[in-house]
Amino acid sequence: MAFLEILESIRQTVQSYLSENNLSITNFTVEPSKPGFGDITCNVAFLLSKELHKSPQDISKEIVSFCSEKISKEIKQVIAHPAGHINFEIDYTRFNKSILLESTKPTYADIDIGSSKKIVVEHTSVNPNKALHIGHVRNIVIGDIISRILKKVNYNVKVLNYIDDSGLQVADLIIGFKHCGFSQDPPNNEKFDHYCGDTVYVGTTAKYNDDKNLESKRHEILKSIEDVDSEVSKFAQKITRNVLAAQLKTVWKLGVTYDCLNFESQIIHSQMWEKIFSKLKSQDLVRLEKTGKNEGCWIISSPNEDDKVLVRSNGVATYIAKDIPYAAWKLGIIDDPFNYKIYSIQDNKQTLYETTLDEIHEHDADKLIFTGDKVITVIDNRQIRLQKIVTDLMKRFTGNDSYVHLGYESVTLSSNTASNLGLETSEKSVQMSGRKGFYVDADLILENLHNKIYNESKKRNDGLSESELNSIAKSVSVGTIRYEMIKPDLDKIITFDLETSLKIEGDTCSYIQYSYARATRILEKSGISPDFNDDLSNLINQFEINLIKKIAMYDIQISDAANNLSPKVIARYCYELSVAFSSFYEHVMVLNAESEELKNSRLCLVTSFQKTLSNALSVLGIDSPDKM
RNA sequence: GGGCUCGUGGCUCAGCAUGGAUAGAGCGAUUGGUUGCGGACCAAUAGGUCAAGGGUUCGAAUCCCUUCGGGCCCGCCA
């Protein structure tokens with residue numbers, strides 16, 4: 001029995017008190033208490049005090065005497081605190097055994113919130129004209145961890161990456177290659193995404209100011225890209241796919257995978273826009289402006305905002321008009337025009353598909369499905385207005401909140417890091433810019449971190465092989481970058497600093513992984529596999545109890561993270577769990593315990609910790625290294 | 001100008017959804033930890049008018065309003 005079940009059983013007991021007394025309060029809380037106030041606390045006495053015209057203390061006393069009779073066996077004592085809280089104390093002599101055993105299973109905290117419902121998570125969606133920077137990494141990591149959390153709570157999750165292979169940024173690359181003399185082969189085997197972003201894209205956009213001719217070419221090219229059969233379109237496909245392939249190498253290094261790549265060019269050719277546009281018109285969600293500055297345009301209005309042009313007076317749809325059919329497709333609101341073919345097999349053996357409008361002849365007749373009953377789109381908060389329009393429209397179509405824009409704040413650079421990149425500033429932090437080539441590149445950070453961890457690990461371990469050191473460096477560097485990207489809340493700006501990103505002490509991923517390695521080492525050295533059938537009621541000192549309590553609360557955290565789409569909750573949990581273990585490790589002997597029975601019990605506890613931490617880290621996509 | 005958002009020790013952040021008991025961490029500072037499983041650690045001390053003011057409430061860091069300060073967004077660009 002883990003925490004959620006205990007909370008639920010207490011809730012029911014309190015509820016039965018309320019029912020017997022014809023009281024209708026339902027919004028009372030039953031939650032873990034602060035240290036020093038038992039294990040679990042309930043606030044129902046406060047809520048009843050007004051209705052019953054009695055003090056919270058008197059009410060809580062009554063409820064306590066009621067509960068003491070009927071409460072679950074896991075509860076040792078119920079206490080009415082003078083302040084009015086009702087506090088419950090867990091009977092650890094009973095609790096230890098069930099929780100320690102349960103926590104070692106891979107399915108620990110696999111609670112069912114999703115009931116296998118189909119859900120789509122879209123993230124990454126970086127324009128295929130440049131390399132990934134640290135801001136993109138935040139998006140990718142949030143999206144990946146959200147998808148892992150949702151899988152953990154029994155959603156059927158499909159992960160999508162939207163490839164905008166037909167926008168202006170693509171036209172810029174083509175101008176660079178065709179009209180500015182940039183070679184299609186990068187010098188010195190430079191990675192193609194870096195070359196396109198740093199050299200071709202930056203170099204080309206810099207020329208628009210001087211050369212007005214180029215600017216008009218840009219729009220010609222943009223038009224030709226949309227004509228599938230044109231040479232320009234085929235060239236654009238070749239370039240963007242090469243950039244995409246290079247970007248995916250970075251993404252896969254981060255341990256992230258997808259189910260399907262959706263290409264914007266195909267969305268345009270699929271005629272989905274035309275279908276959704278007529279649907280919008282028939283439901284009066286758009287209107288043709290007859291007068292004013294938007295005369296001749298189809299526009300969409302929303303309260304407190306300016307009207308947004310969907311279709312220009314020349315009949316050409318605007319940018320947001322691509323997002324609407326795509327959102328509708330993700331929700332299965334319009335017929336799926338796509339077929340799916342294999343793009344590649346990813347490192348974890350998972351097949352990555354891509355959309356295609358071609359006929360395909362597969363052996364299995366079942367059409368693949370990448371749409372969902374619910375959709376989560378991870379896009380940064382600068383797009384919140386456009387996403388709000390899309391969200392509102394989807395709500396009009398479905399009548400519910402099945403489309404969710406999961407926004408997050410941007411990553412900026414510290415002034416130190418900015419000056420490392422050649423920009424002196426008096427500001428505390430500064431925004432990155434792909435167009436100016438001013439950003440911290442994802443491959444570079446990973447490499448820096450990898451080297452740093454490699455050296456640290458080598459310093460601290462004798463006789464580890466090259467491959468062991470590299471594997472540790474990979475686990476810890478990827479873990480570090482993931483952890484740092486989700487530790488702050490989504491609505492906090494991350495000010496990235498190259499130097500402090502290399503820190504490995506305190507509240508960091510290495511601290512957490514280190515606690516895992518220490519636990520593993522104890523288990524290895526013991527040379528036995530602990531017996532969970534023994535009586536484990538001898539784990540009673542404060543360090544043991546603290547650790548057991550943290551282990552038991554895992555399912556609450558999973559539930560919290562899933563219900564609030566909050567990856568940070570699991571990151572904090574991993575850290576707190578590690579803190580509880582580190583303190584235990586310092587103060588409690590395992591291998592030299594006072595008796596064989598105690599040694600066995602403590603080994604069970606260490607095993608339980610180790611499995612639970614590894615379980616939680618895997619939800620964050622972070623490895624658990626045995627040594628480091 | 002309009003909209004959104006953030007403001008908690010020197011610095012970086014939890015806590016706010018669902019108001020309740022002593023506002024928690026990490027970094028930095030100061031100090032301690034040989035007999036014990038890896039010091040990427042542990043333990044202790046100092047450091048807070050929870051931006052300001054008002055309101056609701058028995059009770060506000062948490063809810064509401066106003067103000068101040070920072071950030072983002074507001075094209076027939078994508």
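Below, chain A is the first sequence line, B the second, and so on; all start at residue 1. Since this is a predicted model, take the numbers as computed values, not measurements.
Here V30(A) lies out of heavy-atom contact (under 4.0 Å) with every strand. At the heavy-atom level, E524(A) lies nowhere under 4.0 Å from the strands shown. No engagement by L523(A) is indicated, since no non-hydrogen atom pair under 4.0 Å with the nucleic acid exists. Heavy atoms of T318(A) sit under 4.0 angstrom from primed sugar atoms or phosphate atoms, though from no base atom. Note on N127(A): nothing from the nucleic acid sits closer than 4.0 angstrom, heavy atoms only. No contact: D172(A) has no heavy atom under 4.0 Å from any strand. Residue E289(A) is classed as having no contact, given no heavy-atom separation below 4.0 Å to the nucleic acid. Residue contacts for D491(A): at a heavy-atom cut-off of 4.0 Å it reaches the sugar-phosphate backbone alone, with no base atom in range. As judged by a 4.0 angstrom heavy-atom cut-off over every strand, I493(A) is placed among residues touching the sugar-phosphate backbone only. Among the heavy atoms of the strands, none lies under 4.0 Å from N314(A). Residue N592(A) is out of contact with every strand shown, counting any heavy-atom pair closer than 4.0 Å. Across all strands shown, P35(A) has heavy atoms under 4.0 Å from base atoms, whether or not it also approaches the sugar-phosphate. Note on Q431(A): only backbone sugar-phosphate atoms sit closer than 4.0 angstrom, heavy atoms only; bases stay farther off. Residue R385(A) is in base contact, counting any heavy-atom pair closer than 4.0 Å across all strands shown.
Within 3.5 Å, no donor on the side chain of N461(A) pairs with an acceptor on the base of A40(B), nor the reverse.
H405(A) places no side-chain N or O within 3.5 Å of a backbone atom of K388(A) that could act as its donor or acceptor partner. In terms of modelled atom types and a separation under 3.5 Å, the side chain of N262(A) and the main chain of Y162(A) share no donor-acceptor contact.
Between E484(A) atom CD and C13(B) atom P the separation is 11 Å, expressed in whole Å. Atom OH of Y454(A) and atom P of A40(B) are 19 Å apart (whole Å). In this structure, CG of L547(A) is placed 13 Å from P of C42(B), rounded to the nearest angstrom. Distance CD1 (I320(A)) to C1' (C76(B)): 14 Å, rounded to an integer number of Å. For the pair D306(A) CG and C4(B) P, the interatomic distance rounds to 13 Å; values are reported in whole Å. The distance from atom CD of E409(A) to atom P of G71(B) is 12 Å, rounded to the nearest whole Å. When the C1' atom of C76(B) is taken as reference, atom CD1 of I299(A) falls 12 Å away, rounded to whole Å.
Pairing for A25(B) is with U12(B), a Watson-Crick or G-U wobble pair whose two hydrogen-bonding atom distances lie under 3.5 Å. Of all nucleotides present, none satisfies the Watson-Crick or G-U wobble test against U57(B) with each distance under 3.5 Å. Nucleotide C76(B) forms no Watson-Crick or G-U wobble pair with any nucleotide shown, as no partner meets the under 3.5 Å limit on both distances. Within the shown strands, U31(B) is the pairing partner of A43(B) under the Watson-Crick or G-U definition, both distances less than 3.5 Å.
Contact annotation: R312(A) side-chain N/O to C77(B) OP1/OP2 distance is under 4.0 Å. Taking side-chain N and O atoms only, R521(A) has no distance below 4.0 Å to OP1 or OP2 of C37(B). Residue Y511(A) places at least one side-chain N or O under 4.0 Å from the OP1 or OP2 atom of C42(B). A sub-4.0 Å separation between OP1 or OP2 of G38(B) and a side-chain N or O of Y585(A) is present. Between K568(A) and G15(B) there is a side-chain polar atom (N or O) within less than 4.0 angstrom of OP1 or OP2. Contact check, Y514(A) against A40(B): a side-chain N or O comes under 4.0 Å of OP1 or OP2. The side chain of S55(A) places no N or O atom within less than 4.0 Å of a non-bridging phosphate oxygen (OP1 or OP2) of C58(B). Taking side-chain N and O atoms only, R218(A) has no distance below 4.0 Å to OP1 or OP2 of A78(B). Taking only side-chain nitrogens and oxygens, K492(A) comes nearer than 4.0 Å to OP1 or OP2 of A14(B). A sub-4.0 Å separation between OP1 or OP2 of A40(B) and a side-chain N or O of K452(A) is absent.
Salt-bridge formation is not detected for the pair K217(A)/E220(A): no Lys NZ or Arg NE/NH1/NH2 atom is positioned less than 4.0 Å from an Asp or Glu carboxylate oxygen. Taking 4.0 Å as the cut-off between side-chain N and carboxylate O, D227(A) and K223(A) do not count as a salt-bridged pair. Residues K212(A) and E215(A) are not paired through a salt bridge, judged by the lack of any N-O separation under 4.0 Å between the basic side chain and the carboxylate. Ion pairing of E289(A) with R287(A) is present here, as a side-chain N (NZ or NE/NH1/NH2) and a carboxylate O approach within less than 4.0 Å. Under 4.0 Å is where a charged nitrogen must lie from a carboxylate oxygen, and between E576(A) and K549(A) no such pair does.
Relative to the side chain of K322(A), the nucleotides G71(B), A78(B), G38(B) differ in distance, and A78(B) lies closest. If you check U5(B), G38(B), C42(B) against the side chain of K627(A), the one that comes closest is G38(B). With C37(B), A78(B), C41(B) as the choices, the nucleotide that has an atom nearest any side-chain atom of D164(A) turns out to be A78(B). Here the side chain of T29(A) is nearest to one of U18(B), G39(B), U57(B), namely U18(B). Of the listed nucleotides (G36(B), G38(B), A40(B)), A40(B) has the atom at the smallest distance from the side chain of I453(A). For N294(A), the side-chain atoms get nearest to C76(B) when compared with the rest of C76(B), G39(B), C73(B). The N564(A) side chain lies nearest to A17(B) when the options are A17(B), A21(B), C58(B). Distance from the side chain of S510(A) is smallest to A40(B) among A40(B), U18(B), A43(B).
With hydrogens and angles left out, the side-chain atoms of T124(A) and N161(A) include no donor and acceptor closer than 3.5 Å. Side-chain contact annotation: Q610(A) with T520(A), donor-acceptor N/O pair under 3.5 Å present.
By the criterion of a centre-to-centre distance under 5.5 Å and near-parallel planes under 30°, the ring of H85(A) forms a stack with the base of A21(B).
Between L168(A) and F584(A), it is F584(A) whose nearest contact on RNA chain B lies nearer the 5' terminus. Toward the 5' end of RNA chain B, the nearer of the two residues S33(A) and D307(A), judged by each one's closest nucleotide, is S33(A).
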Yes or no on side chain to side chain donor-acceptor pair (under 3.5 Å) for D165(A) and T240(A), after CA distance, side-chain angles and deciding distance? CA-CA 6 Å; D165(A) 58 349; T240(A) 51; 4.9 Å; no
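Proximity of the aromatic rings of H85(A) and F37(A) is defined here by a centroid distance below 6.0 angstrom, and this criterion is not met.
Among Y511(A), Y483(A), Y514(A), the one residue that satisfies the ring-ring contact (aromatic ring centres under 6.0 Å, His included) test with Y575(A) is Y511(A).
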Assign a letter to each nucleotide of nucleotides 23-31 of chain B from its 5' end: B, base within under 4.0 Å of a protein heavy atom; S, sugar-phosphate only; -, no contact. --SSS----
